[in-house]
Number of protein chains: 2
Amino acid sequence: MINEIKAIARRHLAAEGANLSLRAVARDMGMVSSAIYRYFASRDELLTALIVDGYHALGDAVAAGDAEVTDRTDLRGRWLAACHAVRRWALAHPAEYALLFGSPVPGYAAPQETTVAAVRTPTVLIGILADGFASGALSDPGDLPGPVQGDLAAVRDGFFPEVPEALLSRGATGWMCCFGVVSFELFGQLDGLIQAREEYFDHQMRRMADLIGLPR
Amino acid sequence: MINEIKAIARRHLAAEGANLSLRAVARDMGMVSSAIYRYFASRDELLTALIVDGYHALGDAVAAGDAEVTDRTDLRGRWLAACHAVRRWALAHPAEYALLFGSPVPGYAAPQETTVAAVRTPTVLIGILADGFASGALSDPGDLPGPVQGDLAAVRDGFFPEVPEALLSRGATGWMCCFGVVSFELFGQLDGLIQAREEYFDHQMRRMADLIGLPR
DNA sequence: ACACATTCGAGAGCACTGCTCTTGACGACA
DNA sequence: TGTCGTCAAGAGCAGTGCTCTCGAATGTGT
């Protein structure tokens, strides 16, 4: 039942964009709006459920993209595959992507459960770097300013043991830039400027691979 | 009059977030909601006016940040100053930033006037690279795939004559990554992970300067 | 089989939204 | 004085999230 609600809500989200109407999904279910409140305490709670699902769907897609590269030592190929998976998922689910990474809803404060789901995609990306460091293909850039080092050490201890902070930082920068380029395209900032978007994205992610230090 | 409406709308935007209520700003002006429609045909038109203003305000702030660097040949210093100006403006005007760069409103299609205003900030950033190329401090990386080259040549001809496409591309990537990192911070994706945000931002923009090829 | 408890959904209603249309007040100009 | 344009008020429409109450259905225990 709550799965059916989520499915219809996702359909509405895809069709109409961010402003999801409880009454509309209730109408589509042949129910009255108040009946929804049996299953979700509020619209925010429904959105939270969709957000968590979205993070996992994106994480799955990115992990699958990485997994398709058979040569696991081809770090650059894995990086590019994962980045393209991010972009492909975003283009296929623009409304959900906007829900995850777009402007936060004013009154809405993301509960804890979303932040743990949010970490799935960067986990895949930085996992590629972790593999590279473990095999000796990547080295520690070792160029972090002091205060940042402390923050990243904590993140490392929580999620990525064995990865040096400076390398983790490179991966985080790469992830944020991937997010930036995808959002730019998806939110219409490239309209009328760039047509060859997949090629341009690929080019940019290759430059990010250079920045991270992934061997060619 | 329309300036007063915009000012109050901006205040509401800053206070309450993205969902701007026409009736609320009318209330604050001691008017009735329908009176607003004398000055703005719709809520979208008001938002468009605020968006255009926002792009210009951000562009002004970034240009001012760049202009504060007295040594005009210090390309890296200018790049960092401009990037920090972007971040500072975003943190000072989060709701307006979200309006400009966040998820687009479903029914809303950005009219032409917004896209010409949107180009102001990248103009400043890439202007730094143009200066560097003119003085010989920057060279043409010359590493663009074919389809992208065509798109960027058109952009170059429209906005940045004399700048080679590959260098323009580097600047665009830098701008998108700057946007990505700022949005990540502003949209809450860094919450609970990074405390030393200004330092981390500075570090990341330095790495982007490396990628662009700005001399140290 | 009967009585009880729980679950479910319908319906009315509140306060709010963007937006349209009509009506009436006010001031400038001829 | 009369006319015309500008302005804002008010009512109203269709929609929103959300709360509350009230029946009907569905078990469940004795």
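The sequence lines fix the lettering, A, B, ..., with proteins before strands; numbering per chain opens at 1. Side chains included, hydrogens not; waters and symmetry mates left out as well; all remaining heavy atoms used.
A:S42 comes within 4.0 angstrom of sugar-phosphate atoms only, judged by non-hydrogen atoms across all strands, and of no base. A:F40 comes within 4.0 angstrom of nothing in the nucleic acid, heavy atoms only. Within 4.0 Å (heavy atoms only), A:R43 reaches sugar-phosphate atoms of the nucleic acid but no base atom. At a threshold of 4.0 angstrom between heavy atoms, the contacts of B:L20 are confined to the sugar-phosphate backbone, with no base atom among them.
A residue-by-residue look at A:Y37 and B:S34 shows that B:S34 has its nearest nucleotide of DNA chain D further toward the 5' end.
Of the possible polar contacts, one joining the B:T115 side chain to the B:Q112 backbone as a donor-acceptor pair under 3.5 Å is found.
Here chain B contacts DNA chain D (any atom closer than 4.0 Å to a heavy atom, that is under 4.0 Å), and the contacts span D:dC7 to D:dG12 from 5' to 3'. Counting 5' to 3', DNA chain C first comes under 4.0 angstrom of a heavy atom of chain A and last does so at the ends given by C:dC8 to C:dG13.
Against DNA chain D, the stretch residues 7-14 of chain B makes no heavy-atom approach under 4.0 Å. Contacts between residues 22-30 of chain A and DNA chain D, defined by a heavy-atom separation below 4.0 Å, involve A:L22, A:R23, A:R27, listed by number.
Between A:H203 and A:R207, the side chains place a donor N or O and an acceptor N or O closer than 3.5 Å (distance only, hydrogens not considered). With hydrogens and angles left out, the side-chain atoms of A:S42 and A:Y37 include no donor and acceptor closer than 3.5 Å.
With sequence neighbours excluded, the residues satisfying side-chain hydrogen bond (donor to acceptor under 3.5 Å, both in side chains) with B:R72 are B:D66. Annotation: side chain to side chain contact (heavy atoms under 4.5 Å, CB included) contacts of A:Y39 (sequence neighbours excluded): A:M1, A:I2, A:I5. For the side chain to side chain contact (heavy atoms under 4.5 Å, CB included) test, residues two or more places apart in sequence or in another chain that qualify with A:A63 are A:V124. Taking A:R27 as the reference, nothing meets the side-chain hydrogen bond (donor to acceptor under 3.5 Å, both in side chains) condition, with sequence neighbours excluded. Partners of A:E96 by side-chain hydrogen bond (donor to acceptor under 3.5 Å, both in side chains), not counting sequence neighbours: none found. The side chain to side chain contact (heavy atoms under 4.5 Å, CB included) check on B:R206 picks up B:R76, B:L80, B:D202, with sequence neighbours excluded. Every residue was checked against the side chain to side chain contact (heavy atoms under 4.5 Å, CB included) condition with B:R38, not counting sequence neighbours, and none meets it.
Between B:F101 and B:F179, the distance from one ring center to the other falls under 6.0 angstrom.
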Below 3.5 Å, can you tabulate the donor-acceptor pairs from side chains in residues 145-161 of chain B to any protein atom, sequence neighbours excluded?
unit_1: B:D151; atom_1: OD2; unit_2: A:Q195; atom_2: N; d: 2.7
unit_1: B:D151; atom_1: OD2; unit_2: A:A196; atom_2: N; d: 2.7
unit_1: B:R156; atom_1: NH1; unit_2: B:V163; atom_2: O; d: 3.2
unit_1: B:R156; atom_1: NH2; unit_2: B:E165; atom_2: OE2; d: 3.4

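For the pair A:R87 and A:F201, the distance from NZ or CZ to the six-membered ring centre is under 6.0 Å and the angle to the ring normal is within 45 degrees.
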